[in-house]
4 protein chains.
Amino acid sequence: MKKRQVHASVKDEKLIEKRRDQMIKGAVSLFKEKGFHRTTTREIAKEAGFSIGTLYEYIRTKEDVLYLVCDRIYDQVGERLQEELDMKRGNLESLKAAISFYFRVMDDMQDEVLVMYQEAKSLSKDALPYVLNKELEMVAMFEQVIRNCMEAEGMKLPEQEIQLMAHNIFVQGQMWGFRRWVLHKHFKLEDYIAGQIELLLNGLTKGENVKHGSISSN
Amino acid sequence: MKKRQVHASVKDEKLIEKRRDQMIKGAVSLFKEKGFHRTTTREIAKEAGFSIGTLYEYIRTKEDVLYLVCDRIYDQVGERLQEELDMKRGNLESLKAAISFYFRVMDDMQDEVLVMYQEAKSLSKDALPYVLNKELEMVAMFEQVIRNCMEAEGMKLPEQEIQLMAHNIFVQGQMWGFRRWVLHKHFKLEDYIAGQIELLLNGLTKGENVKHGSISSN
Amino acid sequence: MKKRQVHASVKDEKLIEKRRDQMIKGAVSLFKEKGFHRTTTREIAKEAGFSIGTLYEYIRTKEDVLYLVCDRIYDQVGERLQEELDMKRGNLESLKAAISFYFRVMDDMQDEVLVMYQEAKSLSKDALPYVLNKELEMVAMFEQVIRNCMEAEGMKLPEQEIQLMAHNIFVQGQMWGFRRWVLHKHFKLEDYIAGQIELLLNGLTKGENVKHGSISSN
Amino acid sequence: MKKRQVHASVKDEKLIEKRRDQMIKGAVSLFKEKGFHRTTTREIAKEAGFSIGTLYEYIRTKEDVLYLVCDRIYDQVGERLQEELDMKRGNLESLKAAISFYFRVMDDMQDEVLVMYQEAKSLSKDALPYVLNKELEMVAMFEQVIRNCMEAEGMKLPEQEIQLMAHNIFVQGQMWGFRRWVLHKHFKLEDYIAGQIELLLNGLTKGENVKHGSISSN
DNA sequence: GATGAATGAGTGTTCATTCAT
DNA sequence: TATGAATGAACACTCATTCAT
C-alpha cells in the first residue's frame with residue numbers, strides 16, 4: 001500500500017522532515033494529555049515551537065497531524081521489530097525473544113502507542129485503511145515468527161490459531177500501554193513479559209520442561 | 001465505589017429513567033457512527049426524540065451523556081455476566097462456559113462496547129475512575145472464576161498469572177469488537193471463541209486430552 | 001425559476017422574516033460602505049442587532065446573506081415596477097411614465113442597487129442564475145411595454161432593437177446609481193429622467209412635435 | 001491628474017516595466033476567473049512567473065496590483081480610442097465610426113474591461129479618483145466627438161444631452177462586456193453595434209434617410 | 001416540564017506581508 | 001535582485017449551554 005502523501009507548501013525536504021519531527025513530538029505529548037479533539041492546532045504549533053501559520057505550511061488539515069503521528073509511530077515500531085526479527089533464526093527461543101522485544105518496544109513508546117490507539121479512529125476514511133494496513137503487516141510478522149518457530153520445533157498449530165496468537169501478542173503489547181492504569185500497579189515490565197510469554201506458550205511446550213515452572217497440575 | 005450522580009432538574013424519577021433511556025439509546029447510535037466529539041448535543045436530543053432544552057433538564061453537560069452511556073453499558077455487561085457466573089459451580093467447564101458467554105455478550109453488544117472503548121478516555125478525571133473501577137470488577141470476576149476452576153481441577157497458577165489471564169480474557173472479549181475490521185473477516189464468532197479458549201487454556205490442560213486436538217508435539 | 005431556499009435552523013416563519021429583514025438592512029448598509037468581501041459576518045450580525053450565533057441560525061453561509069440581499073432588492077424593484085405597469089394602458093405616454101417611474105425607483109433604492117450591481121458576481125454558480133433570471137424578467141417587462149407602445153402608436157421597430165432598447169433602459173436606470181459619483185454632479189434626477197427619455201424616444205417621434213424641443217436640425 | 005506612483009524597491013526601470021507587465025497579465029487572467037478578493041498574492045506571483053518575494057519588490061500592497069491593472073486597461077482603451085479619433089474630421093460618419101471602433105475595442109478587451117468594471121470599487125479611496133478620472137476623460141472624448149459632429153452636421157443638442165449621450169455610449173460599450181451573459185446570446189457584435197448606433201442617432205437624423213430603415217411612423 | 005431562540009467563546013484555516021539568506 | 005519560509009491577525013463558522021416563554 002503506497003504511502004499517503006501529506007501536502008506541504010514548503011519545498012525544502014530536509015526542512016519538512018525537521019519541522020514535522022517537531023510537530024509530531026509536540027502533538028504526541030498534547031494528544032496524550034488531552035486527546036486529539038481537545039487539542040487545538042494553535043497548541044500543536046506552540047508545542048512544536050513555531051507559529052500557527054508555519055504549522056499550516058507543513059500540513060493541510062488538523063487531521064494530517066494525526067495521520068503523521070500514526071504513520072510515524074507505526075513506522076518506528078515496525079522498523080525496530082523488523083530489525084530484531086531479521087537477526088533471529090526462528091526457533092522457540094527467538095519467538096520468545098521477539099515477543100519480549102516487542103513488549104519492550106511498546107513499553108518504550110507507551111505514550112505514542114496510547115495516543116495512536118485511542119485516536120486512530122479519528123482518521124478520515126481516506127487515511128484509516130493505510131494505518132490499519134500497517135497493523136496487519138505487524139501482525140503478519142508475528143504470524144511468520146510463530147510459523148518458523150513451529151517448524152523449527154516440530155510443532156503444529158492450526159492456521160487460525162496462529163493468526164489468533166499473533167493478534168493476541170500484538171494486542172497484549174498495546175495492552176501494556178493502554179491498560180497501564182491498572183497493569184503497572186500490579187506488574188513490573190519484566191513480570192508482564194514473563195507472564196504473558198508463559199501464558200502464550202505453555203501450550204506449545206507441553207510435556208517439556210516448563211521454564212518458569214509456573215504451572216503444575218496435580 | 002458509589003454511583004456518580006448526574007444532576008437532573010426534573011424531579012419525577014420515573015421520567016428521568018425514561019428520558020435517560022431514550023437519550024442513551026440515541027447517543028450510543030450516534031457515538032458509534034461519528035464518535036463522541038463529532039456528535040452534537042442537538043443531535044443527541046433529536047435522536048432521543050426531544051428538544052435540546054429538554055435534554056438539558058436531565059443532564060448538566062455533554063460529558064454527562066457519555067458517562068451515562070458508559071455506565072449503562074458496563075452495568076449491562078456486568079449484570080449479564082454476573083447472572084451467568086452465579087449459575088455455575090466453577091470447574092474447568094464452567095470457566096470455558098463463562099468465557100464463551102462473555103464473548104457472546106461482547107458480540108451482542110459490539111456497538112456499545114466499541115463506543116465505550118473508544119470514547120471512555122473523554123470522560124472527565126472525575127468520572128473516569130468510576131468507570132475504570134467497573135472494569136476492574138469485571139476482571140475480578142474472571143479472576144475468581146479462574147481461581148475456582150483451578151481449585152476444582154486441582155491446578156495451580158501463580159496469582160500474577162491468574163490476574164494476567166483475567167485481563168487477557170477481558171481484553172480479548174473487547175478485541176472481538178474493536179478489531180472487528182480484521183477479525184470478522186477471518187473468524188466466525190464460534191471459531192474465535194473456540195480458538196481463544198484453546199489458546200488460553202491449553203496450558204492448563206497439559207497432559208490431558210486436548211479437546212480440539214490442535215497442538216501436538218512431535 | 002423556483003426560489004432558491006436559504007436554510008434557517010429556526011422554525012418560526014414570522015421570526016425568520018423579521019430577522020432577515022434586520023439582516024438585509026444591515027448588510028446593505030455595510031456592503032455599500034465596504035463591499036461584500038470586506039464586510040465580516042460579525043459586522044453583519046452586529047449591524048443587524050444580534051449576535052454572530054444568531055446570524056447563523058438564519059443562514060448557512062456568508063454568501064447566503066448576499067443572495068438574500070440580491071433577492072430582496074430584485075423583488076422590491078420588480079414588484080414596484082409591475083404594479084406601475086399594471087395600471088397603464090400602453091401608449092407612448094405610459095412608456096415614458098414607466099421609464100420615469102423605474103428611474104425614480106432606482107433613485108430611491110440607489111444603495112441597494114449599487115450593492116447588488118457590484119457584488120452580485122460574488123454569488124455562487126448556484127445562486128447567480130436565479131438572480132440573473134430576475135434581471136431578464138425585468139428587461140422583458142420593458143420589452144413588453146415598448147411593444148405595447150409601438151402598437152398603440154402605430155409604429156414599428158425591429159425585434160432586436162426593442163430588446164436593445166429594453167436593455168438600455170434597464171442599464172440606464174442602474175447607471176443613475178452606479179455612476180452617481182459623476183452623474184449626480186451634473187444632473188438632477190428630473191433632468192436625468194427627461195434627458196434619457198428624450199434620447200431614448202426621439203427616434204420614435206420623428207416628424208411629430210418634439211415635446212422637449214431639444215433637437216432641431218437646421 | 002498626475003499618475004499615482006506605485007513604489008518599487010527595485011531601481012532598474014526597464015526591469016520594473018518588464019516585471020509589471022508579467023504581473024498585470026497574470027493578474028488580469030486570475031481576476032477574470034475568480035475576482036480580486038479571491039485571488040491571492042501567491043497566485044499572482046506564480047502566474048506572473050516569479051516568487052512571492054519578488055512580487056513584493058515591485059509593489060507595496062496587493063491593492064497596488066489592482067491599481068496597476070486598472071491603470072493599464074484604461075491606458076490601452078484610451079490610447080486606442082485617441083488614435084482613432086485623431087484620424088477623423090468629426091462629422092456624423094466619424095461619430096458612428098468612433099462608436100463602432102470603441103465597441104470593437106471593448107469587445108476585444110472584454111476580459112480586462114469586465115475585471116476592471118467589477119473590481120475597481122475595491123481600489124482604495126486614494127487610487128479610485130485617479131481611475132475614475134480616466135473614465136471621465138474618455139467620456140469627454142465622446143462628448144467632443146458628438147459636439148464636432150453636431151457642428152459639422154448643423155445640428156443642435158443641449159449640452160446636458162450631449163453629456164448624457166456620451167455617458168450612454170461609454171456605458172453601452174462596457175455593457176457589451178459585463179452583460180455578455182445575455183447579450184451575446186441574442187446579438188452578434190455587428191448587430192449590437194448597428195442597433196445601438198441606430199438607437200443612439202436616429203433622433204439626430206430625423207428627416208434624412210434612415211440607414212437601417214428601422215423606424216417608420218404611421 | 002418542555003421548548004427552541006439566543007449567545008459568544010472558541011476553532012480550523014487563510015493569506016498579505018516581511019526579512020534573512 | 002530573487003527567494004520562500006515564517007508570521008499572526010483575521011475570518012467564517014460551530015456548538016455547548018442558558019433562559020424566557
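Proteins come first, then strands; the chains are lettered A, B, ... in the order of their sequence lines, and each starts at number 1.
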Check your understanding: What is the distance, rounded to the nearest whole Å, between atom CZ of B:Arg38 and atom C1' of E:dG12?
Key -> 13 Å
Practice item. Nearest whole angstrom, please: distance from the P of F:dT1 to the NZ of D:Lys11. Key: 7 Å
Point to revise | For atom NZ of A:Lys46 and atom P of F:dT7, their distance in whole Å | key: 14 Å
Check your understanding: Counting heavy atoms not belonging to D:Lys46, are there more than 12 under 6.0 Å from its NZ?
Key -> no
Check your understanding: Near D:Lys134 NZ, under 6.0 Å, is it more than 12 heavy atoms from other residues, nucleotides or ligands?
Key -> yes
Revision key, fill the gap. By nearest-heavy-atom nucleotide on DNA chain F, the more 5' of B:Thr39 and D:Val10 is D:Val10
Review point. Taking the inter-plane angle between the rings of A:Tyr117 and B:Phe178 on a 0 to 90° scale, is it parallel (under 30°), tilted (30 to 60°) or perpendicular (over 60°)?
Key: perpendicular
Under-3.5 Å N/O pairs linking protein and nucleotides 17-20 of chain F:
{"from": "F:dT17", "atom 1": "OP2", "to": "B:Tyr56", "atom 2": "OH", "distance (Å)": "2.7"}
{"from": "F:dT17", "atom 1": "OP2", "to": "B:Lys62", "atom 2": "N", "distance (Å)": "2.8"}

Exercise for review: Under the side-chain contact (heavy atoms from CB on, under 4.5 Å) rule, collect the residues that match up with A:Thr40, sequence neighbours excluded.
Suggested key: A:Arg42, A:Glu43
Review point. Which whole-number value in Å describes the distance from C:Ile44 CD1 to F:dA12 P?
Key: 8 Å
Practice item. Please indicate whether D:Lys18 has more than 12 foreign heavy atoms, meaning atoms of other residues, nucleotides or ligands, lying under 6.0 Å from its NZ. Key: no
Check your understanding: Taking both distances under 3.5 Å as the test for a Watson-Crick or G-U pair, what stems of at least three pairs does DNA chain E have?
Key -> E:2-21 with F:2-21
Review point. Once the angle between the rings of D:Tyr130 and D:Tyr67 is folded into 0 to 90°, is it parallel (under 30°), tilted (30 to 60°) or perpendicular (over 60°)?
Key: tilted
Point to revise | Greater than 12 external heavy atoms within 6.0 Å of C:Lys34's NZ | key: yes
Revision key, fill the gap. When rounded to whole Å, the OH to C1' distance for the pair A:Tyr58 and E:dT14 reads 17 Å
Review point. Looking at D:Thr54, does any N or O in its side chain come under 4.0 Å of the phosphate oxygens OP1/OP2 on F:dA2?
Key: no
Practice item. Give the rounded distance in Å between these two atoms: NZ of B:Lys18 and P of E:dG1. Key: 12 Å
Review point. Rounded to the nearest Å, what distance is computed from the CZ atom of residue A:Phe50 to the P atom of nucleotide F:dG8?
Key: 13 Å
Practice item. Using a 4.5 Å cut-off on heavy atoms from C-beta on, say whether the side chain of D:Arg72 contacts that of D:Met23. Key: no
Check your understanding: Are the charged groups of C:Lys3 and C:Asp71 less than 4.0 angstrom apart, N to O?
Key -> yes
Check your understanding: With a 4.0 Å cut-off on heavy atoms, is B:Thr40 in touch with a base, just the backbone sugar-phosphate, or nothing at all?
Key -> sugar-phosphate
Study note, to complete from the structure: Rounded to whole Å, the CG-C1' distance (A:Asp12 to E:dT21) equals 13 Å
Check your understanding: With nearest nucleotides of DNA chain E determined for A:His37 and D:Phe36 from heavy-atom distances, which residue corresponds to the more 5′ nucleotide?
Key -> A:His37
